[in-house]
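This report refers to the structure that appears directly beneath it.
Sequence lines set the chain letters: A, B, ... in the order given, protein chains first and strands last, and positions in each chain run from 1. Every value quoted in this text rests on a predicted model; they were computed, and no experiment measured them.
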Number of protein chains: 2
Amino acid sequence: MAKKKIDASTEEKIIEAARKVFTEKGYAATRTRDIAEEAGLNLALLNYYFRSKEKLFSLVMAEKIGQLFGVIAPIVNDDKTSLQEKIELIVPAYLNVLLQNPGLPLFVLSEIRNNPEHFSNRVQAGKILTQSILVKQLLEKQPNVNPLQFILNLLGMCIFPFVTKPVFEASGLLNNASFNQLIEERKTLIVKWVNLMLDN
Amino acid sequence: MAKKKIDASTEEKIIEAARKVFTEKGYAATRTRDIAEEAGLNLALLNYYFRSKEKLFSLVMAEKIGQLFGVIAPIVNDDKTSLQEKIELIVPAYLNVLLQNPGLPLFVLSEIRNNPEHFSNRVQAGKILTQSILVKQLLEKQPNVNPLQFILNLLGMCIFPFVTKPVFEASGLLNNASFNQLIEERKTLIVKWVNLMLDN
DNA sequence: AAATATTTTAATCATTTGATTAAAAATAGA
DNA sequence: TCTATTTTTAATCAAATGATTAAAATATTT
C-alpha cells in the first residue's frame with residue numbers, strides 16, 4: 001500500500017481559503033465552491049483532502065477557538081503573577097490577537113450559538129471561568145461580587161468593539177485605521193478601568 | 001378588483017415563526033420550510049403572504065434592529081437629563097430588553113456582518129454614536145477621551161453577557177436562572193462602574 | 001523507460017431549497 | 001343558494017449545493 005504524501009502546499013491553500021471564507025460568512029452561508037475558488041482549485045480536491053465541508057469546518061473552528069482562548073489560558077492560570085499583573089498582561093496581548101483577527105469573536109460566538117456541539121473546548125473554557133488562579137484572586141479582592149462579573153468586563157471591554165465592528169463599518173462611522181486607533185487607546189484605558197472597578 | 005383581506009392571524013403566525021427561527025439560526029441556516037412547519041402551515045402560504053424569504057427576513061430584521069436601538073435612542077437624545085441620569089436610565093432599561101430577548105444582539109450583529117446592506121438603520125445608529133446629547137455630555141466630562149470609548153463600555157457591559165450566553169450554556173457553566181441572576185446584579189453594578197470610569 | 005502511485009480535473013449525482021402553479025377548500029357577497 | 005373572491009394545499013420546478021466518479025495529468029519508484 002502506498003504511503004500518503006500529501007502536498008502540504010495544496011492542503012494549506014485549501015485550509016487557508018477555508019479560514020477566510022468560513023470566518024467571513026459563517027458555516028451555513030459558506031459554499032464549498034467558494035472555498036475552492038478562493039483557493040484557486042477544483043471543488044473535488046477539497047473533498048479529496050478533507051472528506052467533507054463539515055470536517056474542514058471542524059478543523060478551522062478548533063483552530064479559531066484555540067486562538068480565542070489560547071492567549072489568556074496561560075496567563076490566568078499563572079500563580080506567579082498578581083491580579084494586577086495579570087490584567088496588565090491580558091489586555092494588550094488579547095487586543096493584539098484581536099487586531100490580527102478582527103472577525104474571530106463574532107465568528108466563534110455565532111457558530112457556537114448555531115451549533116453548540118462544535119464547541120469542543122467547552123470543558124477548558126469552563127475551567128478558566130470558574131477554577132483559574134485569576135478567579136481566586138478576584139474573590140480575594142472582592143469577596144462579595146461574583147468573579148464572573150469582572151471577567152465579563154475584562155473580556156467584554158476587549159472583545160465588544162470587535163463584535164460591533166461590522167456596525168461601525170456599515171454605518172460608515174469608522175474606517176479601519178480609526179478603528180485600530182481606538183483599540184490602541186483602549187490598551188491602557190481598559191487596564192485603568194478594570195483596576196478602578198476592583199478598587200472600589 | 002377584490003380588496004385584499006388578509007387573515008391577520010395567519011400572517012402573524014408566519015411572522016412569529018419567522019422571528020423565532022431566524023433569530024435562532026440566522027438567515028443562511030434558516031429554511032423556509034422550517035418557518036412554515038414552526039407556524040404549522042404550508043410552505044406555499046409563506047410565499048403567498050410575504051413573497052420571498054428575503055422579504056420576510058427584512059421585516060424581522062428591521063423589527064429587531066428597532067428593538068436594539070429603540071430603547072436607548074430617546075434616552076441618549078434627551079437634553080433634559082444629566083449624563084448621570086442617562087446612565088441610570090439606560091442600563092436597567094436595556095438589560096430588561098435583553099432579558100426579554102437574549103438572542104437579539106448576536107443575531108443582529110452576525111447578520112449585519114453577513115449582509116451589511118440589511119442594516120437599514122445605519123444612519124440613525126451613526127447619529128446616536130456621534131451626534132447625540134449623550135456624546136456632548138461625555139465630551140464635557142472627559143474632553144480628552146473619545147466618547148465612543150465610554151459608549152462602547154456602557155453598551156458592551158450590558159450586551160456582552162448576552163453575546164457570550166451560548167458559551168455559558170454550551171459549557172454547562174450557567175443555567176438560565178443563574179444567568180438572569182447575574183444580569184440582575186449587573187443592573188446596579190454597571191451604573192457604579194461607568195460612573196467610576198467617568199470620574200477618574 | 002516502464003510501471004505504479006498520487007494528485008487534479010471535468011462531468012455528474014442526489015438532495016436540498018426557494019419559489020411557482022393549478023386546483024381545492026373556505027369565505028364573502030349577491 | 002349561487003357566484004365570485006380569498007385562502008390553503010399538494011405537486012412540481014429550476015437552481016444551488018455537497019459529494020462522488022472516472023479519467024487525465026503529474027510525480028514517484030523500480
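No engagement by B/L46 is indicated, since no non-hydrogen atom pair under 4.0 Å with the nucleic acid exists.
Rounded to an integer number of Å, the gap from CZ of B/R33 to P of D/dA10 is 13 Å. In this structure, the CD1 atom of B/I35 is 18 Å from the P atom of C/dT16, given to the nearest Å. Rounding to whole angstrom units, OH of residue B/Y48 and C1' of C/dA26 are separated by 12 Å. Between the CD atom of B/E37 and the C1' atom of D/dA10 there is a distance of 16 Å, given to the nearest Å. Straight-line distance from the CG atom of B/N42 to the C1' atom of C/dA24: 12 Å, rounded to whole Å. The CG-P distance, from A/L45 to C/dT6, rounds to 15 Å in whole Å. Atom pair A/K53:NZ and D/dA16:P shows a separation of 16 Å (rounding to whole Å applied). The nearest whole Å value for the distance from the CZ atom in A/R51 to the C1' atom in D/dT21 is 13 Å.
Listed candidates were D/dA19, D/dT9, C/dA10. Nearest to the side chain of A/L43 is D/dA19.
For the pair A/N47 and D/dA19, the criterion of a side-chain N or O lying under 4.0 Å from OP1 or OP2 is met. OP1 or OP2 of C/dT17 lies within a sub-4.0 Å distance of a side-chain N or O belonging to B/R31. One finds a side-chain N or O of B/T32 lying less than 4.0 angstrom from the OP1 or OP2 phosphate oxygen of C/dG18. When the side-chain nitrogen and oxygen atoms of A/Y49 are compared with OP1 and OP2 of C/dT8, one or more of them lie within a distance under 4.0 Å. Distances shown here put a side-chain N or O of B/T10 below 4.0 Å from the OP1 or OP2 atom of D/dT8.
Ring orientation note: the planes of A/F179 and A/F162 are nearly perpendicular, at an angle over 60° on the 30°/60° scale. Ring geometry for B/F22 against B/F57 counts as perpendicular: the plane angle is over 60°, on a 0 to 90° scale with 30° as the lower cut.
Contact check on A/R19 versus A/E16 returns a salt bridge, with a Lys/Arg side-chain nitrogen under 4.0 Å from an Asp/Glu carboxylate oxygen.
Considering every non-hydrogen atom in both B/I72 and B/I90, the closest pair reads CG2-CG2, 3.8 Å.
No donor-acceptor pair closer than 3.5 Å links the side chain of B/N101 to the backbone N or O of B/V97.
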